[in-house]
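Since this is a predicted model, take the numbers as computed values, not measurements.
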Amino acid sequence: QVQLVESGGGLVQAGGSLRLSCAASGRPFSGYGVAWFRQAPGKEREFVARIGGSGDEETYADSVKGRFAISRHNAEATAYLQLNSLKPEDTAVYYCAAQPDWRNNYYYPRAYDYWGQGTQVTVSS
């Protein structure tokens with residue numbers, strides 16, 4: 001059992017930045033891959049980024065490459081998503097998710113066992 005809590009969302013103007021945090025508890029953190037998804041109203045939940053358990057493998061959706069950066073600090077059991085150069089189309093609820101690190105499929109929500117409650121990111125023009 002893993003518990004995840006997101007924080008750091010808010011309202012920001014286009015071109016601005018936010019840093020989202022995902023704090024984990026319940027099991028050793030390094031054994032889990034951590035991903036960020038987002039969901040805008042009327043749309044399906046969309047993969048954003050994933051980081052492997054050791055922190056040396058990062059995967060990004062094409063829509064955020066070069067703008068977002070995922071990282072983790074296992075000693076404090078926290079993963080992060082740095083959002084830069086934000087656009088209005090980035091507006092969504094952002095969710096943190098975790099899966100056993102050995103699992104190879106990571107683009108789909110069904111591949112993840114644990115989810116946070118979500119944090120709202122709103123980007124104004």
Side-chain angles (χ1 to χ4, degrees):
Q1 190 72 241
V2 175
Q3 294 80 46
L4 304 173
V5 179
E6 302 100 329
S7 62
L11 175 63
V12 64
Q13 289 188 318
S17 299
L18 286 172
R19 188 194 190 207
L20 308 183
S21 297
C22 174
S25 63
R27 293 292 184 272
F29 190 55
S30 62
Y32 295 87
V34 176
W36 290 92
F37 287 77
R38 65 187 183 185
Q39 188 166 24
K43 295 185 177 181
E44 293 186 3
R45 194 161 294 189
E46 174 190 20
F47 174 80
V48 176
R50 181 189 184 274
I51 188 166
S54 67
D56 61 353
E57 180 183 355
E58 302 172 17
T59 304
Y60 296 93
D62 288 342
S63 60
V64 305
K65 285 181 179 177
R67 298 190 298 121
F68 294 3
I70 191 169
S71 62
R72 67 192 295 162
H73 197 292
N74 287 338
E76 62 187 27
T78 304
Y80 306 93
L81 185 69
Q82 180 69 40
L83 299 82
N84 297 321
S85 301
L86 283 163
K87 306 173 182 179
E89 51 263 45
D90 294 318
T91 295
V93 177
Y94 283 70
Y95 296 91
C96 179
Q99 65 179 187
D101 198 41
W102 52 260
R103 193 171 292 165
N104 292 323
N105 52 324
Y106 47 82
Y107 288 107
Y108 305 104
R110 66 178 181 270
Y112 294 83
D113 302 309
Y114 308 103
W115 293 85
Q117 82 289 351
T119 186
Q120 177 72 48
V121 172
T122 303
V123 184
S124 62
S125 59

With rounding to the nearest 0.5 Å, note down the distance linking CZ in Arg72 to OG in Ser21.
13.5 Å

Over 12 non-hydrogen atoms of neighbours within 6.0 angstrom of CD in Glu89:
yes

Tracing side-chain contacts under 4.5 Å among Ile, Leu, Val, Met, Phe, Trp and Tyr outward from Leu81 reaches Val12, Leu18, Leu20, Phe29, Val34, Trp36, Val48, Ile51, Tyr60, Val64, Phe68, Ile70, Leu83, Leu86, Tyr94, Val121, Val123

Does atom CG of Asn105 have more than 12 heavy-atom neighbours from other groups under 6.0 Å away?
yes

Run the ring pair (Phe, Tyr, Trp, His ring centres under 6.0 Å) test against Tyr108 and tell me which residues pass, sequence neighbours left out.
none

Do Val93 and Leu4 share a hydrophobic cluster, counting only Ile, Leu, Val, Met, Phe, Trp and Tyr and linking them when any side-chain heavy atoms are less than 4.5 Å apart?
no

List the atom of Tyr95, the atom of Glu6, and the distance in Å for their closest heavy-atom pair.
CA-OE2, 3.2 Å

Look at the aromatic rings of Tyr112 and Phe37 and report parallel, tilted or perpendicular, splitting at 30° and 60°.
perpendicular

Output yes when a side-chain donor or acceptor of Gln99 lies under 3.5 Å from a complementary backbone atom of Ala35, and no otherwise.
no

In terms of heavy-atom contacts, Ser85 and Asp90 come closest through O-OD2, 4.4 Å

Going through the distances and angles, do Gln120 and Leu11 end up as a side chain to side chain contact (heavy atoms under 4.5 Å, CB included)?
CA-CA 8 Å; Gln120 177 72 48; Leu11 175 63; over 6 Å; no

Please name the pair of heavy atoms, one in Arg38 and one in Ser63, separated by the smallest distance, quoted to 0.1 Å.
NH2-OG, 3.6 Å

Atom of Arg50, atom of Arg103 and distance for their closest heavy-atom approach
NH2-O, 4.2 Å

Mark yes or no for whether Asn74, through its side chain, and Ser54, through its backbone, hold a donor-acceptor pair below 3.5 Å.
no

Heavy-atom pair of closest approach, residues Pro88 and Ser125
CG-CB, 4.0 Å

Tell me the closest heavy-atom pair linking Pro109 and Arg45, and the distance in Å.
CG-CB, 4.1 Å

